[in-house]
Each structure stands twice: as structure tokens, then as C-alpha cells.
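Note that the structure is a prediction, hence the values are computed from the model and not measured.
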Amino acid sequence: MVNFVVYFFICNLFISGMIGILLITKKAFKTTLSSRMQYHLGFMIFVLLALPFIPIRIFNIFPWLNTLTDTHTDFTNPVSNVSNYPCLTDTSKQVNDFAISVSHKAPSVVGYILCCLWFTGICIMIFWAVRSLFHLHKIIKSSIPLQNSEVRNLYCECLSEIGINLEIPIYSTAFLKSPVIAGFLKPRIYLPIHIISDYNAASMRFMLLHELQHFKHKDIVTNYLINLAGILYWFNPLVWYALKEMRSEREIACDSSVLQMLRETEYENYGNTLINLAEKISRENFFFTPFPFFTGIGGNMKQIQKRILNISKYKKKSRRQKVQGRLACILIIAIFLVLLPVLPTYARGQERYDFHEEDKNITYVDLSSEFNEYKGSFVLYDSNNDTWTIYNKDAALERITPNSTYKIYDALLGLESGIITPEHSKMTWNGEDYPFDTWESNQDLSSAMHSSVNWYFQNIDNIVGMDNVRAYLEDIGYGNQQTSNDTDLYWTDFSLKISPIEQVELLKKFYQNTFGFSSKNINTVKDAILIASTPDGTLSGKTGTGRVDGQDTNGWFIGYIEKSGHVYYFATNIQGTSNTTGSTATEVSLSILSDMGLWING
């Protein structure tokens, strides 16, 4: 929760910028847009305010956020698993599975402070909102159904004039200075007794038409959304300003809707009605609560002034002006939507891969006996017959940290970038101590892949740079294409993720080189991941182990088998609380492949 609050506060920087752009754009088109359009464009603010609560991430725009919410590497708990399989001949390579433990980093003190502040503010805002509801309840309890027949008859005429077939209950009360409409599920109009006593048919008609316009445009619902936004974003002055402007625009839009129904000779009288109300409204009145749960014709003096100015300038728009207004509205929405993706929406909601099954030949199998106590999945694709075999579809669609399986593509990145070449791939050990002896020597691509040497691939990333790494991930379509800003272990720190099905699809692209890369580079990586070559076929692949807080929790084995002119791509993932390694995933994979007759598991 602390991490979310930090993320939420960072999102507010983007939200504030977008609100500023929206307000400036609306002001630039003010003469073209109708008051109703101005108000409706304000609803885009709700889209912005909802973004932090939709599963999205902004780490690419704010990489330093990782220092508050990310993970860190722990070299004190390395794990090494070396598996030998009798099925592998003397020309085979051992499947070495070296992994570094990562630990969830405790949220920072700043995170806890922000969390406490945010929740404290929310509690205070909720108190004010509840207080407003309590006062509203008092008004409702003290009100009585309207008794004045003249006003009731006029009210029925107003309903008919606006075209509302539903009769909305109307009450009188002594606790209000101006008419309001309230009630989320059962809207009711409340008229102050002093207005009924000083009955003026024209003014009463204006006020009733105004309240009915609120009902017609469902402004009560908007009021609740504005109040909710004010509670959650209590700390953001720009949000509060935008919400205040939206309330003001709502009343101006309502005024304009009423003026649209009136004759020009009545405009002045409508404005005078507002002025008379402004003189009677006290600033101590309940109307000025920060969280009003009703809408009404009244308002504070500044709002009344803006509305009077709008009335004095109001003219019914011609057909041409209406078309221009709609075009301007569409343009503003388009600008808003174009700018919206500035926030990288790498969705947590996209933790699952969108796999289109409709046009595929898929066989779902039960391999639970092979996985024993592990949660996991197995995916096999026969490219020659275009058939899929999948165990545990839900798990096969879940995006998971790739761990060292990503090194297949990191090696390809190094070759394509010219950092290493097929002929010269050696890197010199810098003399640092590492958790595995095999890492403390000079490495070439084959040995680095064989022993999963992290520093070798980190060197590639450091030279390439994280911006180019991200561009590369996007080019090849690797999983969620998301990384932290750390070149050390982004493939195992929970930022980069890929599903088993995507692993298989990507292996096919790699094998067939649909990336359009150098065939020599592709073949060099193929040679580096070759595990076994027998008269019956060849096995190529890469393991990966996720070690978190000293426990092995994620195991991968991905690869392909070339057999009798066929290529079979596979990916196995297992998850558990301990002893969940790439070596174990390899054992599971070879057992399944052996049962399918695709590989001899001796």
C-alpha cells in the first residue's frame, strides 16, 4: 500500500500538468465552445483522476521512483544448480542454473510519511463530507411537501416545458436560502419558505427551470463524483481549482440551458433573479460546505458575478456556430487523447498476455502429475503442424519475471549492437569477487550463456544504455517491455515480465529470424544455447531461476527441439515457495517431452 501511495503522489505531477493543459485549451476556445461544451469537457478531468487507480505504471518517466518502491540485489544468498541428465550425450552441455537472490526493499520513510499524510487528509475530508450529509439529512427531515397550489401548478408547467415526464417530488424548507435539488437515488427539489412567501411567478419559474435542468443533465451524480475526487485529491490545489471551475461551469451551463428556453426580453429578469438570491445568501449558510451533495441556482458572489456576465453576453448560437463549437470540442478531446499516452501506461492489468485462441489449433492437457506441488504451466508449439499443446492456460498467460531466460535476447542485442561479434565475443573479468567461481574468469558468449554470467550481460546493457534496451524490447515485442532504470538485474527485479506463451512465440521469431537481424548473429546465439545433439535431434534452451529473499520461487526452462525436420518450441515455468529452480523446471520439461516422444529422457 505504501508503494501505491508513493506512485499515486508521483502520478499527480502528470495529472496536474494535464489539467493545466486542459484548462488553458478550454480558455483558448472559450468563445467558440458553448457553456455546455465547456462543462462537458471538464469530465475529462475524471478520466485523469481515475488513472492512478487503474493498474498503470510510470517508472519510465520517473525512474528515480524505483529508489522508493523497487527491489535490490542481495549477493549474500546465491544459488547454483547444475543438472546432468543421462539423456545428454558426451557432446552435450550441462544445464547450469546460477541465480542471484533479490529482496523486496522495504518502503522508504518518505513513503510511510506520504501514506500517513494521505490517509489523515482523507479522514478529515470524509469528516467534512459526513458533516455535510448530516446537515442535508436535517433539511430533508424538516422539510414538508409543497402545499402552495400556485407554485405546484407552475411546477407542473415547468416539467412539461422541459419535457420531463417523471414528476419529481418538491418540498419546502426553512433551512435554505435558495432552491436546490438533492437525492442520489430519489431526487427532490427543496424550495425555501421565504421564496414561496414572496411569490413572484416569473422568478419562481426561472428557479424551477434551473433546478429541473440540473435533474435533466444528471448533475447530482456529477456532484458525488466531484466530492469523491475532492476527498482523494485533498492535497492537490490544481485539482481543487479544476473541480471548483467545473462546479461554476455547471451552473453557467444550466443558466444557458434555461436562457435557451426563454425569450430575449426575459434574460434581464433571469439575471435579476440571481442578483436577488445573491443578496439573501449568507456565507455562513450550509450551501458553502466544501462537499455539497446538492445543486442549486445559488452560489457564492464570485460565481454569481461570472454567471451574470454570461447572461449579459448570452446569444443563441446559430447553426454554424454550433458546428464550429462541436469541431472545437472534438479537437480539444483529440489533443487530450494524444497527450494522455505521455504517461507510460505499462499496465499492471497487462500482467496477462492477450492470446487470441480463436484461429489456433490448441490441445489442453492435464500434466499436474508432472508438476507435483508446483504451480506452473507447460507450452509446446509444433511449427510444422501449427499446433499448440498447453497445460494450465491461466498460468501460461500470466506474465512472470523471465530471469536468466532473457539472456538469449540480451546476447542478440550485444551482437546486433556490435558490442560483441561472432568471432570476438570475449570479455575480460574485472577481478571482482562474485558468488560463483565460474564467473571469476574471462568469458565469451558461449561460456557466459552456459554459466549464466550476469556481469557479462550487464556489460552489454551498460554499453548499450537503458534507453536502447527499452527500444530493443519494444522492437522484438518482449513481454510487457518494461524495465526499471537499473542495468544490473532488470530481468529479475519484477519489472520485466513475459508469459510462457509469449516465450514460445518469441522463440519461434528468434529461430525463424522474423526480427530481420543478421543471420550470422542469430546462428551465434543458437550455438550458445545448444544443450544436446544426438542422432535423433538437437535440444537448445536456457534456464532461469528467480530467487527472492533467499528462497527459490520461480523456475524456467525454455527452448526448442529440432527433430525429423520438425521444430518444437516449448516453455516450462514453475512457481513455489522454495526449491523452485530452472534445474527443476528442466527436469519437468524433459520428463514431459520424453512422454510425448519428442526427446529421450534416459
Problem - Ile21 side chain reached by Thr25 side chain, heavy atoms, under 4.5 Å - result: yes
Handout entry: For the student: nearest non-hydrogen atoms of Thr572 and Ala585, plus distance
Key = CG2-O, 4.0 Å
Problem - Ion pair Glu502/Arg399, N-O distance below 4.0 Å - result: yes
Practice task
Taking the side chain as every heavy atom from C-beta outward, state whether Leu507 and Ile558 have any pair of such atoms under 4.5 Å apart.
Solution key: yes
Handout entry: Close side-chain approach of Leu380 to Met596, heavy-atom, < 4.5 Å
Key = yes
Exercise for the section: May I ask you to check whether over 12 heavy atoms, not counting those of Asp437, lie within 6.0 Å of atom CG? Expected result: no
Handout entry: SB check Lys526 Glu562 (cutoff 4.0 Å)
Key = no
Practice task
Using the side chain to side chain donor-acceptor pair (under 3.5 Å) rule, take Lys563 and Thr538 through it: C-alpha gap first, then chi angles, then the decisive distance, then the call.
Solution key: CA-CA 7 Å; Lys563 177 183 174 72; Thr538 61; over 6 Å; no
Completion exercise
Value for CD1 (Ile574) from OG1 (Thr581), rounded to nearest 0.5 Å, stands at 6.0 Å
Problem - Heavy-atom side-chain proximity of Gln443 to Trp455 below 4.5 angstrom - result: yes
Exercise for the section: Start with the C-alpha distance between Asp382 and Tyr569, add both sets of side-chain angles, then the distance that settles side chain to side chain donor-acceptor pair (under 3.5 Å), and finish with yes or no. Expected result: CA-CA 7 Å; Asp382 179 352; Tyr569 306 91; over 6 Å; no
Problem - Shortest non-hydrogen contact from Gly477 toward Leu506 - result: O-CD1, 4.2 Å
Problem - Check: Ser383 side chain, Val567 main-chain N or O, donor-acceptor pair, under 3.5 Å - result: yes
Practice task
Verify side chain to side chain donor-acceptor pair (under 3.5 Å) between Ser589 and Thr586, making sure each step is shown before the conclusion.
Solution key: CA-CA 5 Å; Ser589 301; Thr586 304; 5.9 Å; no
Practice task
Go through the side-chain N and O atoms of Glu505 and Tyr353 and say whether any donor and acceptor fall under 3.5 Å apart.
Solution key: yes
Practice task
Could you go through the side chain to side chain donor-acceptor pair (under 3.5 Å) check for Thr580 and Thr553 one step at a time?
Solution key: CA-CA 5 Å; Thr580 311; Thr553 60; over 6 Å; no
Problem - Electrostatic pair Lys407:Asp410 at N-O distance under 4.0 angstrom - result: no
Practice task
Enter the distance from Ile15:CD1 to Phe9:CZ here, rounded to the nearest 0.5 Å.
Solution key: 11.5 Å
Handout entry: Flag for Thr514-Lys508: side-chain donor and acceptor within less than 3.5 Å
Key = no
Exercise for the section: Show your reasoning for whether side-chain contact (heavy atoms from CB on, under 4.5 Å) applies to Trp599 and Ser594. Expected result: CA-CA 5 Å; Trp599 191 257; Ser594 176; 5.6 Å; no
Practice task
Taking the side chain as every heavy atom from C-beta outward, state whether Leu593 and Phe570 have any pair of such atoms under 4.5 Å apart.
Solution key: yes
Problem - Atom pair CD1/CG of Ile522 and Leu412 - distance to nearest 0.5 Å - result: 4.5 Å
Problem - Ionic contact status for Glu398 with Lys393, cut-off 4.0 Å - result: no
Practice task
State, without any angle test, whether Gln503 and Thr405 hold a side-chain donor-acceptor pair at a distance under 3.5 Å.
Solution key: yes
Practice task
Indicate whether the side chain of Tyr560 and that of Tyr381 have a donor and an acceptor atom separated by less than 3.5 Å.
Solution key: no
Practice task
Could you tell me whether Asp394 and Arg352 make a salt bridge, using a distance below 4.0 angstrom between a side-chain N and a carboxylate O?
Solution key: yes
Practice task
Could I get the full list of side chain to side chain donor-acceptor pair (under 3.5 Å) partners for Asp433, not counting sequence neighbours?
Solution key: none
Practice task
Taking all heavy atoms of Ala528 and all of Leu445, pick out the closest pair and write down the distance.
Solution key: CB-CG, 4.1 Å
Handout entry: Side-chain touch Val464/Tyr472, heavy atoms, less than 4.5 angstrom
Key = no
Practice task
Could you tell me whether a side-chain N or O of Ser417 sits under 3.5 Å from a main-chain N or O of Ile419, the two making a donor and an acceptor?
Solution key: no
Problem - Within 6.0 Å of NZ in Lys360, more than 12 heavy atoms from elsewhere - result: yes
Practice task
With Asn554 as reference, evaluate Thr545, Val548, Asn403 under the side chain to side chain contact (heavy atoms under 4.5 Å, CB included) test and give the passing residue.
Solution key: Asn403
Completion exercise
When every non-hydrogen atom of Ala229 is compared with those of Leu49, the smallest separation belongs to CB-CD1, 3.5 Å
Exercise for the section: Run the ring-centre check on Tyr374 versus Phe371 and record whether the distance is less than 6.0 Å. Expected result: no
Exercise for the section: For Asn384 and Gly565, indicate whether the former's side chain and the latter's backbone hold a donor-acceptor pair under 3.5 Å. Expected result: yes
Exercise for the section: Work out which heavy atom in Pro402 is nearest to a heavy atom in Trp556; give both atom names and the distance. Expected result: O-CD1, 3.4 Å
Practice task
Let me see the working for Lys542 and Ser452 under side-chain contact (heavy atoms from CB on, under 4.5 Å), right down to the final yes or no.
Solution key: CA-CA 9 Å; Lys542 184 75 182 76; Ser452 206; 3.3 Å; yes
Problem - Passing candidate, ring-ring contact (aromatic ring centres under 6.0 Å, His included) with Phe8, options Phe14, Tyr233, Phe119 - result: Tyr233
Handout entry: N/O donor-acceptor pair under 3.5 Å between Asn385 side chain and Thr387 backbone
Key = no
Exercise for the section: Mind telling me whether Phe515 and Phe517 have parallel, tilted or perpendicular rings, with 30° and 60° as the class edges? Expected result: tilted
Problem - Flag side-chain contact, heavy atom, 4.5 Å: Tyr434 against Trp429 - result: yes
Problem - Ring centers of Tyr406, Tyr490 separated by less than 6.0 Å - result: yes
Practice task
Check whether any side-chain heavy atom of Trp388 lies under 4.5 Å from a side-chain heavy atom of Asn361, and answer yes or no.
Solution key: no
Problem - Distance-only donor-acceptor check, side chains Asn372 and Glu370, under 3.5 Å - result: no
Exercise for the section: Look at Asp552 together with Arg547 and state whether they make a salt bridge at an N to O cut-off of under 4.0 Å. Expected result: yes
Practice task
Starting at CD1 of Ile561, measure out to CG of Asp536 and round the result to the nearest 0.5 Å.
Solution key: 9.5 Å
Exercise for the section: Check step by step if side-chain contact (heavy atoms from CB on, under 4.5 Å) holds for Val239 and Leu48. Expected result: CA-CA 10 Å; Val239 171; Leu48 282 171; over 6 Å; no
Practice task
Report the relative orientation of the aromatic rings in Trp439 and Phe436; use parallel for angles under 30°, tilted for 30 to 60°, perpendicular for over 60°.
Solution key: perpendicular
Problem - Taking every non-hydrogen atom, the tightest pair across Gly376 and Ala395 - result: O-CB, 3.6 Å
Exercise for the section: Taking atom types as modelled, find out whether Ser495 and Thr483 have a side-chain donor-acceptor pair closer than 3.5 angstrom. Expected result: no
Practice task
May I have the step-by-step check of side-chain contact (heavy atoms from CB on, under 4.5 Å) for Ile333 and Met44, ending in yes or no?
Solution key: CA-CA 8 Å; Ile333 293 173; Met44 290 192 291; 4.0 Å; yes
Problem - side chain to side chain donor-acceptor pair (under 3.5 Å) against Tyr456, all qualifying residues, sequence neighbours excluded - result: none
Problem - Distance-only donor-acceptor check, side chains Asn462 and Asn459, under 3.5 Å - result: no
Exercise for the section: Indicate whether any N or O donor in one side chain lies under 3.5 Å from an N or O acceptor in the other, for Ser447 and Asp444. Expected result: yes
